[in-house]
Amino acid sequence: METVLVTGANGFIGWALCGVLAASGRRVRKAVRMPVPGLPDAVVVGDIGPDTDWRTALEGVSGVVHLAARTHVLRETATDPLAAYRKINVSGTERLARSAAAGGIRRLVIVSSVKVSGERTEERPFTEDGAPRPEDAYGVSKWEAEQALFRIAAETGLELVVLRPPLVYGPGVKGNFLRLMNLVARGVPLPLGAVDNRRSLIYTGNLAGAIVKALDAPQAAGRTYLVSDGEDVSTPDLVRGLARALGVKPRLLSLPLSALDRGARLAGRRAEFVRLTSSLQVDSSRIRRELDWRPPFTLAQGLELTAKWYHARSA
């Protein structure tokens with residue numbers, strides 16, 4: 001039975017992926033930074049960086065899925081954010097890849113980020129052939145990690161597959177998506193009714209399915225794929241979908257975006273305003289065409305399952 005190492009196995013993507021991998025008949029070795037209640041069989045690797053010892057975690061493994069990373073930080077406290085991101089996301093990832101190659105492991109799948117492609121789209125969705133345009137320290141670190149991994153793959157023969165998802169949602173979601181769910185669930189009026197944008201999303205179950213395809217398909221080696229649910233929505237439509245899944249009435253107000261922009265500037269929250277009102281679309285046709293991948297869950301199903309988790313945690 002094939003054994004797959006999953007780093008960051010206790011994250012919300014990791015939980016979903018480990019279940020899908022186990023259901024596919026694989027053994028799953030879960031790597032975590034520190035002991036986690038509920039994961040007694042996990043391998044503790046400590047802090048991820050240029051000196052992490054991966055030998056125990058990699059023993060007997062045929063494939064690796066690398067999820068662990070320093071993710072996007074909304075309220076940054078590091079004096080040098082880029083250095084903090086690089087230590088984990090670049091140097092730590094290089095260390096894992098070289099350790100995997102030295103151990104004769106066949107394939108490494110890394111979940112990168114759409115932020116490598118950029119922060120927003122105008123006329124066309126992002127494609128894998130577009131020039132990378134990361135704008136923040138997190139995006140830069142993920143782009144540098146991708147480049148480092150392709151160099152290592154060329155040197156060692158390690159089969160690398162890069163997945164770039166947009167915003168990921170599902171049971172256990174945190175950050176801006178959870179904040180939006182809280183507002184919708186409480187019936188807070190949201191002044192977003194006039195927003196006319198398009199955003200790509202991906203449900204954790206869909207991302208897990210794409211990862212399994214990336215592990216299995218011989219033709220995926222050396223490829224980069226953008227992945228999404230394939231159902232882009234406007235911010236108002238997302239609010240309506242969340243409200244429907246949560247069993248509440250959506251409360252949307254249509255206010256002029258110029259007024260909202262001024263208010264966001266005064267409140268020091270313009271970055272959040274831009275995320276809510278701008279478009280960010282990805283074209284996931286390459287992975288569908290080359291790997292015959294189809295998202296097993298629709299957007300509505302993903303929102304319903306996320307809402308079910310949300311209600312359960314609040315009970």
Side-chain angles (χ1 to χ4, degrees), residues 72 74 113-136 139 164-170 173 175-203 206-207 226-286 288 295 297-304 306-307 310:
H72 187 63
L74 293 177
S113 170
V114 72
K115 282 179 168 286
V116 171
S117 299
E119 294 287 339
R120 64 197 62 84
T121 51
E122 301 295 337
E123 297 179 359
R124 299 184 185 88
F126 287 132
T127 68
E128 295 87 351
D129 296 327
R133 291 188 174 87
E135 294 185 14
D136 63 8
R164 291 183 193 164
L167 187 151
V168 184
Y169 68 98
V173 70
N176 288 329
F177 198 92
L178 180 57
R179 278 189 282 276
L180 182 60
M181 289 190 76
N182 285 331
L183 293 172
V184 173
R186 287 174 11 221
V188 175
L190 299 172
L192 302 170
V195 175
D196 182 18
N197 64 345
R198 290 293 180 272
R199 307 285 297 190
S200 296
L201 313 170
I202 188 164
Y203 177 61
N206 290 337
L207 179 55
L226 290 161
V227 290
S228 77
D229 287 340
E231 301 177 62
D232 299 347
V233 293
S234 67
T235 299
D237 282 343
L238 176 59
V239 170
R240 294 184 188 102
L242 278 171
R244 188 161 45 248
L246 290 164
V248 300
K249 186 176 180 179
R251 302 191 66 188
L252 285 163
L253 305 177
S254 294
L255 299 183
L257 295 187
S258 58
L260 292 178
D261 191 10
R262 287 194 298 272
R265 288 177 187 272
L266 290 173
R269 304 181 71 174
R270 189 163 191 277
E272 186 175 345
F273 167 80
V274 170
R275 281 194 295 272
L276 285 169
T277 58
S278 62
S279 293
L280 197 164
Q281 294 177 274
V282 305
D283 179 349
S284 59
S285 61
R286 176 187 282 183
R288 295 164 188 261
F297 299 91
T298 65
L299 174 66
Q301 289 170 331
L303 293 178
E304 287 171 7
T306 307
Y310 181 86

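For E231 against T298, the heavy-atom pair with the smallest separation is OE2-CA, 3.4 Å. The nearest pair of heavy atoms linking P165 to I202 is CB-CG2, 3.9 Å. Closest of all the heavy-atom pairs between L252 and G193 is CD2-N, 4.1 Å.
When side chains are defined from C-beta on, T235 does not count as touching L190, because their heavy atoms never get closer than 4.5 Å. Counting heavy atoms from C-beta outward, S234 and V195 have side chains that stay 4.5 Å or more apart. Inter-residue side-chain proximity for L299 and Y169 is flagged as met; some heavy-atom pair is nearer than 4.5 Å. Residues V282 and R164 have side chains not in contact (no heavy-atom distance under 4.5 Å, counting atoms from C-beta outward).
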From CA spacing to verdict: side-chain contact (heavy atoms from CB on, under 4.5 Å), V227, N206: CA-CA 9 Å; V227 290; N206 290 337; over 6 Å; no
Could you walk me through whether R179 and N182 satisfy the side-chain hydrogen bond (donor to acceptor under 3.5 Å, both in side chains) test, starting with their C-alpha distance in whole Å, then the side-chain angles of each, then the deciding distance to 0.1 Å, before giving a yes or no? CA-CA 5 Å; R179 278 189 282 276; N182 285 331; over 6 Å; no
Test side-chain hydrogen bond (donor to acceptor under 3.5 Å, both in side chains) on D232 and S200; report intermediate values, then the result. CA-CA 5 Å; D232 299 347; S200 296; 2.8 Å; yes
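In this structure F126 satisfies the ring pair (Phe, Tyr, Trp, His ring centres under 6.0 Å) test with no other residue, sequence neighbours excluded. The side chain to side chain contact (heavy atoms under 4.5 Å, CB included) test applied to E304 returns A245, not counting sequence neighbours.
Note that the CG atom of L207 and the CG atom of L201 stand 12.5 Å from one another [nearest 0.5 Å]. Annotation: the span from R240 atom CZ to K249 atom NZ amounts to 12.5 Å, rounded to 0.5 Å. Atoms CG and CZ, on D129 and R286 in that order, are 5.0 Å from each other to the nearest 0.5 Å. Here the CG-OG1 distance, from L242 to T306, works out to 8.0 Å after rounding to the nearest 0.5 Å. Atom CG of D283 sits about 11.0 Å away from atom OG of S117, to the nearest 0.5 Å. One finds the CG atom of N176 at 7.5 Å from the CG atom of L167 (value rounded to the nearest 0.5 Å).
For R288, the CZ atom counts as densely surrounded, since its 6.0 Å shell holds more than 12 non-hydrogen atoms of other residues, nucleotides or ligands.
Side chain of R199 to backbone of R275: a donor-acceptor contact under 3.5 angstrom is found. A donor-acceptor contact shorter than 3.5 Å links the side chain of R251 to the backbone of G187. The closest donor-acceptor contact from the side chain of N197 to the backbone of S278 lies under 3.5 Å. Judged purely by atom type and a 3.5 angstrom limit, D229 has no side-chain atom pairing as donor or acceptor with the backbone of F297. Checking side-chain atoms of S228 against main-chain N and O of S284 turns up no donor-acceptor pair under 3.5 Å.
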